[in-house]
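Here's the structure we're looking at; comments come further down.
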Amino acid sequence: MTSSLPPLVQAWSGALGSATANAISYPLDLVATKLQTTSSRKLQGVHGVLRLLRHILHTEGLPGLYDGLGVDTSSTLVSNFLYFYFYTLLHALAARWRGSSNTSLIQAIRRALSSPTRPTLLSVPAELAIGFAAGVASRAVSTPLGVITVRMQTENEDDEDDDVRPSAFDSCSDRSKPPHFTDIVRKIYREEGVAGFWAGFQPTLPLCLTPALTLLLFRLLSRLRLTRNTKASSSSVGAFFSGATANALATAILYPLLLAKVRVQASRKQPGRTMSMADVWIDAVQAEGWAGLYQGLAAQLVKGFVSQGVTMLVKQRIERAVVRLYTRRHTA
């Protein structure tokens, strides 16, 4: 846990923080997704990020950087609310169960839901197991929205692979209108049925370790700052950099899984063949060598650094506001 507040408060603060961060960093998320699914060799590294940003601005204007923002923000809101809620609840249950073995399961659940629980750092396996379970529950609900978002972001991918060259910046090219939410839903259902809305869920399962690993690293980094400087540990700047650094480390470790998830969700179903994680990795290595497993990593790290930093910053601010409001009401 990142604070001692009840699960519902932490869930709302985490969800609102994530939604705010998503809105701020969405252009980077859009670019990262396009880089992860493009076949163009010109779009590599930081230069590729800048080139693609310039191309989108030139051909679609500023709104082009926010295609699919509404759906993606909804997915982020739902996913992070459920994640923080289940994570805080399970963590509180584990902490209370360890502290009082005589407490029944029903009593432990009631106390965990209604009363504050002092933040406790469990063992690394326990932290990762709790985070993984919370991640599976949240992603099971939010994956359909994630699939729709990726399809919206990559619907014109073929056109962009052809257009992203110097001549494309000299004159505006004819672009099709961004796909509508309902059109994407109908297309996925027509091509793949209901199961299509959970495309990529298999590689999503290992990725449930990402938020668990991020929170574990965040808490470890926060404790390191706590031992050095108490004021620095409670500062907003400290929360931002701890959250951002933790996410960058977790993303770099698990990035090949993230690449597989995005490509599976963006792929169009072919007769007699459904793309798997192994297919993605084999194609990436054959096309670009081992570096192909990390295509688009630079954009993803920058996006994750900003997004997670803002998430933990806003979450901390909301939780402090709740504590101040609660204190005033009980001291008045």
Side-chain angles (χ1 to χ4, degrees), residues 1-30 66 68-93 112-117 119 127 130-150 181 197 201 204 207-219 222 236 239-240 242-244 246-247 250-251 258 261 303-326:
M1 290 184 294
T2 56
S3 74
S4 60
L5 294 172
L8 194 60
V9 177
Q10 292 207 47
W12 275 115
S13 62
L16 292 174
S18 299
T20 303
N22 188 69
I24 293 172
S25 63
Y26 186 78
L28 288 171
D29 181 59
L30 177 69
Y66 293 90
L69 174 61
V71 181
D72 194 47
T73 300
S74 299
S75 174
T76 300
L77 204 59
V78 172
S79 177
N80 281 276
F81 177 87
L82 292 174
Y83 178 80
F84 279 107
Y85 185 83
F86 285 123
Y87 176 84
T88 307
L89 176 61
L90 293 173
H91 202 286
L93 281 174
L113 285 171
S114 59
S115 59
T117 301
E127 291 281 353
I130 289 172
F132 182 79
V136 171
S138 65
R139 286 180 184 269
V141 177
S142 64
T143 291
L145 288 172
V147 171
I148 294 169
T149 300
V150 171
F181 175 82
F197 293 99
F201 189 68
T204 293
L207 273 175
C208 293
L209 284 172
T210 303
L213 189 57
T214 298
L215 273 181
L216 176 61
L217 291 171
F218 172 77
R219 297 183 65 200
S222 296
S236 298
F240 178 90
S242 290
N247 181 263
T251 299
L258 178 61
K261 184 204 77 161
K303 178 257 177 183
F305 191 87
V306 175
S307 179
Q308 190 66 27
V310 173
T311 295
M312 301 312 294
L313 172 62
V314 174
K315 184 177 186 295
Q316 186 185 77
R317 288 291 183 90
I318 292 174
E319 290 174 354
R320 286 181 178 178
V322 170
V323 170
R324 284 197 298 269
L325 181 62
Y326 180 83

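Counting from 1, the numbers follow the sequence of the chain as shown. Hydrogens, waters and symmetry mates play no part in the numbers below; they use all other heavy atoms, side chains included.
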Fill in the blank from the handout: Output for pair (T88 OG1, I130 CD1), nearest 0.5 Å, gives 10.5 Å
Handout entry: Heavy-atom pair with the smallest gap, counting every atom of A246 and T214
Key = CB-O, 3.3 Å
Handout entry: For D72, all residues meeting salt bridge (charged side-chain N to carboxylate O under 4.0 Å, His left out), sequence neighbours excluded
Key = none
Practice task
Could you grab the distance from atom CG of N247 to atom NZ of K303, nearest 0.5 Å is fine?
Solution key: 7.5 Å
Fill in the blank from the handout: In short, P27 meets I24 closest at the heavy-atom pair CD-O, 3.9 Å
Exercise for the section: Kindly indicate whether the side chain of S18, heavy atoms from C-beta on, has any atom under 4.5 Å from the side chain of Y83. Expected result: no
Problem - Sub-4.5 Å side-chain heavy-atom contact between N22 and L69 - result: yes
Fill in the blank from the handout: Looking only at heavy atoms, the pair that brings N80 and A15 closest together is CB-CA, 4.1 Å
Exercise for the section: Taking all heavy atoms of S142 and all of S75, pick out the closest pair and write down the distance. Expected result: O-OG, 3.6 Å
Problem - From CZ (F132) to OH (Y87), nearest 0.5 Å - result: 15.0 Å
Handout entry: F181 CZ to T149 OG1 distance, which is reported to the nearest 0.5 Å
Key = 8.5 Å
Problem - Heavy-atom check, side chain of W12 versus side chain of I318, under 4.5 Å - result: no
Handout entry: Least distance between heavy atoms, L90 atom then A134 atom
Key = CD1-N, 4.4 Å
Practice task
Compare all side-chain heavy atoms of I148 with those of F197 and state whether any distance is below 4.5 angstrom.
Solution key: yes
Practice task
Locate the shortest heavy-atom distance separating G135 from S138; write the atom from each residue and the value.
Solution key: O-OG, 3.0 Å
Practice task
Could you grab the distance from atom SG of C208 to atom CG of L213, nearest 0.5 Å is fine?
Solution key: 13.0 Å
Problem - Donor-acceptor under 3.5 Å (T143 side chain, R139 main chain) - result: yes
Exercise for the section: Determine yes or no for a side-chain-to-main-chain donor-acceptor pair under 3.5 angstrom, with T73 supplying the side chain and G70 the backbone. Expected result: no
Problem - T210 side, atom OG1; K261 side, atom NZ - distance, nearest 0.5 Å - result: 9.0 Å
